[in-house]
Protein chains: 2
Amino acid sequence: MPVTINDVAARARVSKTTVSHYLNGRYDSMSKETRENIAQVVEELGYRPNALARSLKQKKTHTIGAIVANILNPFSTSIIRGVEDYCNQHGFSLILCNADEDPVKEREYLEVLADKQVDGLIINTTGYNNDLIKNLNLHLPVVLIDRKVPEINTDTVTSDSRKGVQLMIDHLIKLGRSEIAFFTMPYHEVSPRTERVLGYRQALASHGIACKPHLLVETILDEAAVIRAVETVLASPEPPAAIFGANNLMTMAVVKALKKLNISIPRDIAVVGFDDWDWAELIDPPVTVVSQPTYAMGQEAATLLIKRLKSKRNSRKPAVILFDPELVIRKSCGE
Amino acid sequence: MPVTINDVAARARVSKTTVSHYLNGRYDSMSKETRENIAQVVEELGYRPNALARSLKQKKTHTIGAIVANILNPFSTSIIRGVEDYCNQHGFSLILCNADEDPVKEREYLEVLADKQVDGLIINTTGYNNDLIKNLNLHLPVVLIDRKVPEINTDTVTSDSRKGVQLMIDHLIKLGRSEIAFFTMPYHEVSPRTERVLGYRQALASHGIACKPHLLVETILDEAAVIRAVETVLASPEPPAAIFGANNLMTMAVVKALKKLNISIPRDIAVVGFDDWDWAELIDPPVTVVSQPTYAMGQEAATLLIKRLKSKRNSRKPAVILFDPELVIRKSCGE
DNA sequence: TTGAAAGCGCTAACAT
DNA sequence: ATGTTAGCGCTTTCAA
């Protein structure tokens, strides 16, 4: 049986009230002797307070729940590192959940986290549980990360997708590659995807180029599916001079597909993408990307959340923080 | 104020005992009417039981804590996916923590998880908190993953590092590359690292080759440090024909270093590594590796833990599950 | 400076 | 089939 506050109180011959005071650092309201006495007993017994009991009473768990869309994506893990570091520095624990791009799983996690009475939530949402999230947000602060949801009026941190796409399209056109295909996952409902598609159209328009339907390709992130999509677009009467992947996973899938089809990058076609990651430069060829400051985004999300937790009443109105993406030029366009 | 079991009881005009029975599915001990009545009230009020209160009483949280050494490592995340899937399927939540290779952080997380009364622990340990882990293991089941600790007598799942290294060395020697450098992170105390070094010596010995001290290089996983280490070994009187990275991160660091130094793989030197990951084949050149079945290892760890949680008394004696690594031949040796 | 007592939201004997 | 009661381990008035 684990030792409880009663055991400590008994051994130290004081009431559990006093022990509680000690545990909560209210040393001024007890004699030096009792304090040292309790300290010693705690040490002897290896006593640790039961966080469940404490939280039940205090109605605070000092715990934040985070749900990421896909833990296998370096984009997510890098954000999480930012969240985590900030939480740690400020005395909060993190419960990390992986929705695996599955709205059902996401819903379950949202409920479990709420049931466990987390103090706040950081969510990289799938976009299909807005009702629930809005509801939870009535009782606890929520910060949305990466994917914003207009109908949920809460702190959001994301990056400027349209600007990012524009940067890249400008770059490609400067290199003379104006026939640009954009490869995206199904994008309805999911904000950065929608915005990147929008950004694609707008950026082309800004160069006086019309968006050709066959160059805007929507495919799931399945190896075979991407290969088929690549083959199709290359076999079209007007094949592209570059393929732009909507995120890192799509970009890698495209590179894989091209390799499998024995098509040389950048000789036969250029490949670029949204999102950077540690070993992007090791890819053959090192791939030119638009990079988001993921770690900083994670830190910012945690900052916003904890600020809200510390301020008595929900004072501030929701902030939407937009980070600036950056062009990282490597070799996949023949630069 | 969130709604409690009392609110439900009041509205349904029954005692909270009956509500509790309802919540726990003991429908046989209540009339159809009360059951439906309660169901409706629960629905109306959007009631969800407070997991904290429930756990405090039951002394079960149905939650497992997992600590990984480094969440940025695809090796860790893939294992976690396995753990997670299995936990989900069996009604357990997962609290995931990232020790970031830092024993101090690891210790904090171990304590937080224990304080939160998790039912069990899955740990990819740094190797520097054995005392604490041993202690926690007195009260709750622990499964060690990847890194085993002889002094902690508990379920462990790992893979056969020595066999893996042997596989790779055999392969290299068959290709005529018998001067093999082994690049490892500092390895004292950390079992797979120690075993891989041991495997390296033994595998060389099995081919009648002595281990040359300058070819066993120990370096931290820092970009500059690895570059220096690579330069040093290449400048030695007897430079290697291949470099073998002790894990995926080290292998990538070596590839990066070689690129920076403008040394061609595999023409000038071969590079191979332990651990596989999704985009290893996209690297230039696609790198030949020894692969561990990470997802299955995660599943197995969760299986062992949950089995122990379900069996009344700690019956079985600790199992040590050894998975078989596999050689994945790509192009980094000029195959 | 210390303690008694109530209560956080739930479950589980034990009645009835 | 339903309710009364005690209590999980802690914090927090309120009194002494």
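Residue numbers begin at 1 in each chain, while the letters A, B, ... track the order of the sequences.
- Between the two ends of the helix from C:dT1-D:dA16 to C:dT16-D:dA1, each summarised by a five-pair axis, the helix axis turns through 40° (rounded to 10 degrees).
- Following rounding to the nearest Å, B:Glu33 (CD) and D:dT2 (C1') show an atom-to-atom distance of 13 Å.
- As judged by a 4.0 angstrom heavy-atom cut-off over every strand, A:Asp7 is placed among residues making no nucleic acid contact.
- The side chain of A:Thr18 contributes an N or O atom lying less than 4.0 Å from OP1 or OP2 of C:dG3.
- Residue A:Ser29 is classed as a base contact, given a heavy-atom separation below 4.0 Å to a base.
- Using a 4.0 Å cut-off between charged nitrogen and carboxylate oxygen, A:Asp155 and A:Arg308 count as a salt-bridge pair.
- B:Ser15 has no side-chain polar atom (N or O) that falls below the 4.0 Å cut-off from OP1 or OP2 of D:dT4.
- Looking only at side-chain heavy atoms (C-beta outward), B:Val41 and B:Tyr47 stay at 4.5 Å or farther from each other.
- Two residues are said to be in side-chain contact when any heavy atoms from C-beta on lie closer than 4.5 Å; A:Thr63 and A:Asp119 fail this criterion.
- Proximity of B:Arg35 to B:Tyr22: side-chain heavy atoms (C-beta onward) are separated by under 4.5 Å at one or more points.
- A salt bridge links A:Lys105 with B:Asp85: the distance from a Lys NZ or Arg NE/NH1/NH2 to an Asp or Glu carboxylate oxygen falls below 4.0 Å.
- Look at CG on B:Leu45: it is 14 Å from P on C:dG9, rounded to the nearest Å.
- The side chain of B:Thr34 lies closest to D:dT2 when the candidates are C:dT1, C:dG3, D:dT2.
- Going from atom OH of B:Tyr22 over to atom P of C:dT11 covers 13 Å, rounded to whole Å.
- For the pair B:Arg81 and A:Asp100, the salt-bridge criterion is met [side-chain N within less than 4.0 Å of a carboxylate O].
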Counting primed atoms plus P, OP1 and OP2 as sugar-phosphate and everything else as base, spell out the protein contacts along nucleotides 6-16 of chain D at 4.0 Å heavy-atom distance: B, S or - for each nucleotide, 5' to 3'. -BBBBBB----
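- Judged by distance alone, the side chains of A:Thr61 and A:Gln117 never bring a donor and an acceptor atom under 3.5 Å apart.
- With hydrogens and angles left out, the side-chain atoms of A:Gln40 and A:Glu44 include a donor and acceptor closer than 3.5 Å.
- We find that B:Arg147 and B:Glu101 are joined by a salt bridge, their nearest charged nitrogen and carboxylate oxygen being less than 4.0 Å apart.
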